[in-house]
Amino acid sequence: MSLTSPPRGPMTAPYDELAAQLRGPLITPDHPEYDQARRVYNAMIDRHPSAVARVHDAIDVRACVLFAREYGLELAIRGGGHNAAGLGTWDGALVIDLSTLRSTTVSPDEHTVRVDAGCTWADVDHATVGFGMATPSGFLGSTGVAGLTLGGGIGYLTRRFGLTVDNLLSADVILPDGSFVTADATTHPDLFWALRGGGGNFGVVTSFTFRCHPIGEQGTVIAGPVLYDIADTAEVMRWYRELLPSLPEELSGWIGLLTIPPAPPFPEELWGRKACGIVWCYTGPHDRAEELLAQVREFGSPLVVGLQAMPFNVLQTAFDALYPAGLQWYWRADFVKEISDEAIEVHREYGAMLPTGHSTMHMYPIDGAAARVAQEETAFAYRDGGWAGVIVGVDPDPANAELISTWAKEYWTALHPTSAGGAYVNFLMDEGEDRVRASYRENYPRLEEVKRRYDPDNLFRVNHNIDPEWDAS
Ligand SMILES: Cc1cc2nc3c(=O)[nH]c(=O)nc-3n(C[C@H](O)[C@H](O)[C@H](O)COP(=O)(O)OP(=O)(O)OC[C@H]3O[C@@H](n4cnc5c(N)ncnc54)[C@H](O)[C@@H]3O)c2cc1C
């Protein structure tokens, strides 16, 4: 299904019957909290679901799934609500909102954490970093665990410990027929394979269990940005593309183009200046840090060297305040195998035209431990990706929606010929089925098979959809 397809099934259903079955509130359009409940992180998304169920437990989830099935309703699932394409809500749909399910259970001895599906990464890091460990996640605290994990999960720990899905041990799932299963490497292994990158196509995950790893010194890492003038972009990118593969996996860094935020700790004289930057994160023993970090501190003529010791969860939430919920977002993405000279020219051109202070471009490394996992081992298909790139137009003012979208689309169009062809599904907008297939590459047919087995009627279709009937169409 294209994301722009009209909803199928009735727009109304006996919601009072559903409300009577739920422990959590069911918020319909006449409810005073409806406008707040229908909102997602990206304020460019303005959809009107027919009801939002703030579920209380797995039984509430099951009731919603069975109700949507019985009445032929569109069904949207919301974890952290961060999906830029707005897949956590849908016009006319019943939304299962998991955001009140926020509990975590850590086992410091077994190095695991069990996480409810409404948690954000800030919830998880808070629970684990105090025990000196973390599971690979992303680069922000406010992103939802559920959507990020089900798409793959790319973050500071990817080089050293793999994607988030490479650290997923099991998931509890409510299937379209209302049954509850735990999928892991030996039970429902096909479902477990598909959940590790295939998104919300197969069921509603109610909790995840992840492997954790000791990091830094008792969870304290050495991290922060090193920023250069935007005019240095080509020099910095050329240096970075050679340096990164030579570094030990304890040290990772994503590169980006940005505007220096007008806020401390950045020096006031640099506020609003366009920059090329790398945010480094070193998770190894601190007695080796200075020797390794000297080369990244000393290269070129940095405007800012913000490297310092900090608990990993402080790093993870460092950019949350700069990107609060309610901004306009439009992004475009691709994997890139190499940062070619041709690509660098495009970055130079469009980086100089960053349209607003929040707009940015990031490239996240997919190498090290993530690249050692075979492409067919999980549904996530770009193990040889090199970097996951994303061009992000952001602004608080809806009047700038066109400006930021146009910049992102034009930048992407210029850069796409230098890419690996597909994008990280969690960075896709509504770009059509071909883009979804390009992102799953050779794994797409197997995803279709699993979809046919677990969700043949495509109940779970408000997502980057694996269409079970595609072959026949
Ligand atoms: C500011 C920002 C920063 C980001 N940073 C990163 C990053 O560092 N690394 C990275 O990998 N990605 C990152 N992303 C992308 C992010 O992974 C996706 O946007 C992801 O969809 C967010 O998950 P969510 O639970 O918050 O989303 P939601 O909007 O709640 O859900 C997105 C989709 O996921 C599915 N889904 C959600 N919950 C469930 C569930 N419990 N069971 C089944 N399906 C479910 C549904 O199909 C849903 O439509 C970022 C996004 C933003 C906006």
Side-chain angles (χ1 to χ4, degrees), residues 134 136 138-139 153-163 166 213-217 221-229 232-258 275-310 312 315 334-348 351 361-375 382-390 415 418-420 424:
F139 300 94
I154 301 165
Y156 287 109
L157 304 181
T158 298
R159 286 196 89 212
R160 187 167 178 203
F161 299 119
L163 301 172
D166 301 332
H213 305 269
I215 50 163
E217 304 274 355
V221 299
I222 300 176
V226 180
L227 304 180
Y228 308 84
D229 192 86
D232 297 343
T233 297
E235 187 193 351
V236 174
M237 284 188 171
R238 280 198 290 265
W239 165 73
Y240 166 80
R241 75 183 175 191
E242 305 302 327
L243 177 74
L244 189 77
S246 73
L247 295 174
E249 288 168 12
E250 288 88 347
L251 180 56
S252 189
W254 59 265
I255 191 163
L257 303 175
L258 64 145
C276 171
I278 302 168
V279 181
W280 294 102
C281 175
Y282 173 69
T283 58
H286 289 194
D287 55 5
R288 286 189 57 207
E290 273 323 301
E291 174 198 336
L292 264 173
L293 291 173
Q295 56 196 319
V296 308
R297 281 185 205 278
E298 288 161 14
F299 172 77
S301 314
L303 302 171
V304 173
V305 179
L307 287 160
Q308 55 187 293
M310 62 183 88
F312 184 67
L315 172 67
D334 268 322
F335 288 106
V336 289
K337 283 200 183 128
E338 54 171 325
I339 304 172
S340 64
D341 288 347
E342 190 191 348
I344 289 173
E345 276 314 300
V346 177
H347 290 303
R348 262 162 48 96
M361 185 287 299
H362 294 175
M363 279 186 276
Y364 304 125
I366 312 282
D367 61 351
R372 284 193 290 276
V373 176
Q375 175 169 315
Y382 270 91
R383 296 294 177 168
D384 56 345
W387 282 267
V390 61
L415 200 58
T418 70
S419 79
Y424 176 35

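- In this structure, the separation between OG1 on T233 and OH on Y228 is 11.5 Å, given to the nearest 0.5 Å.
- Taken to the nearest 0.5 Å, the OG1 atom of T418 stands 10.0 Å off from the CD1 atom of I344.
- Using a 4.5 Å heavy-atom threshold, the side chains of L243 and V296 count as touching.
- You'll find the side chain of F139 stays beyond 4.5 Å of the side chain of T158, heavy atoms only.
- Note: D334 CG to M363 CE = 11.5 Å, rounded to the nearest 0.5 Å.
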- Item | Residue pair V226, L307: steps toward the side chain to side chain contact (heavy atoms under 4.5 Å, CB included) verdict | CA-CA 7 Å; V226 180; L307 287 160; 4.1 Å; yes
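- Of the charged side-chain nitrogens involved, at least one lies within less than 4.0 Å of a carboxylate oxygen, so that E290 and R297 count as a salt-bridged pair.
- Y424 places a side-chain N or O within donor-acceptor distance of the main-chain N or O of G153, the cut-off being under 3.5 Å.
- Residues W280 and L247 form a side-chain contact, since some pair of their non-hydrogen atoms from C-beta on lies under 4.5 Å apart.
- Note: E345 CD to M237 CE = 10.5 Å, rounded to the nearest 0.5 Å.
- Classified by interplanar angle (parallel below 30°, tilted 30° to 60°, perpendicular above 60°), the ring pair H362/W254 is tilted.
- Two residues are said to be in side-chain contact when any heavy atoms from C-beta on lie closer than 4.5 Å; C281 and L315 meet this criterion.
- F335 and Y382 have parallel rings, their planes meeting at less than 30° on a 0 to 90° scale where 60° marks the start of perpendicular.
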- Task: Would you sort out whether L251 and L293 count as a side chain to side chain contact (heavy atoms under 4.5 Å, CB included), showing the intermediate values?
- Result: CA-CA 9 Å; L251 180 56; L293 291 173; 3.8 Å; yes
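- Using cut-offs of 30° and 60° on the angle between ring planes, the pair Y156 and F312 is perpendicular.
- Side chain of R159 to backbone of P248: a donor-acceptor contact under 3.5 angstrom is found.
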- Step by step, work out the salt bridge (charged side-chain N to carboxylate O under 4.0 Å, His left out) result for D341 and R241. CA-CA 11 Å; D341 288 347; R241 75 183 175 191; 2.9 Å; yes
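- The distance from atom SG of C276 to atom CG of D229, rounded to the nearest 0.5 Å, is 9.5 Å.
- Within the 4.5 Å cutoff, no side-chain heavy atoms of L157 are placed close to those of H213.
- For R383 and D166, the salt-bridge test passes: some basic side-chain N is under 4.0 Å from an acidic carboxylate O.
- In this structure, R288 does not pair ionically with E291, as no charged nitrogen and carboxylate oxygen lie closer than 4.0 Å.
- No side-chain heavy atom of W387 sits under 4.5 Å from any side-chain heavy atom of I366.
- For the atom pair CD (Q375) and CG (D384), the distance works out to 6.0 Å, reported to the nearest 0.5 Å.
- Under the 3.5 Å distance criterion, with hydrogens and angles disregarded, a donor-acceptor pair is assigned to the side chains of R160 and T283.
- Using a 4.5 Å cut-off on side-chain heavy atoms (C-beta onward), M361 and V390 make no contact.
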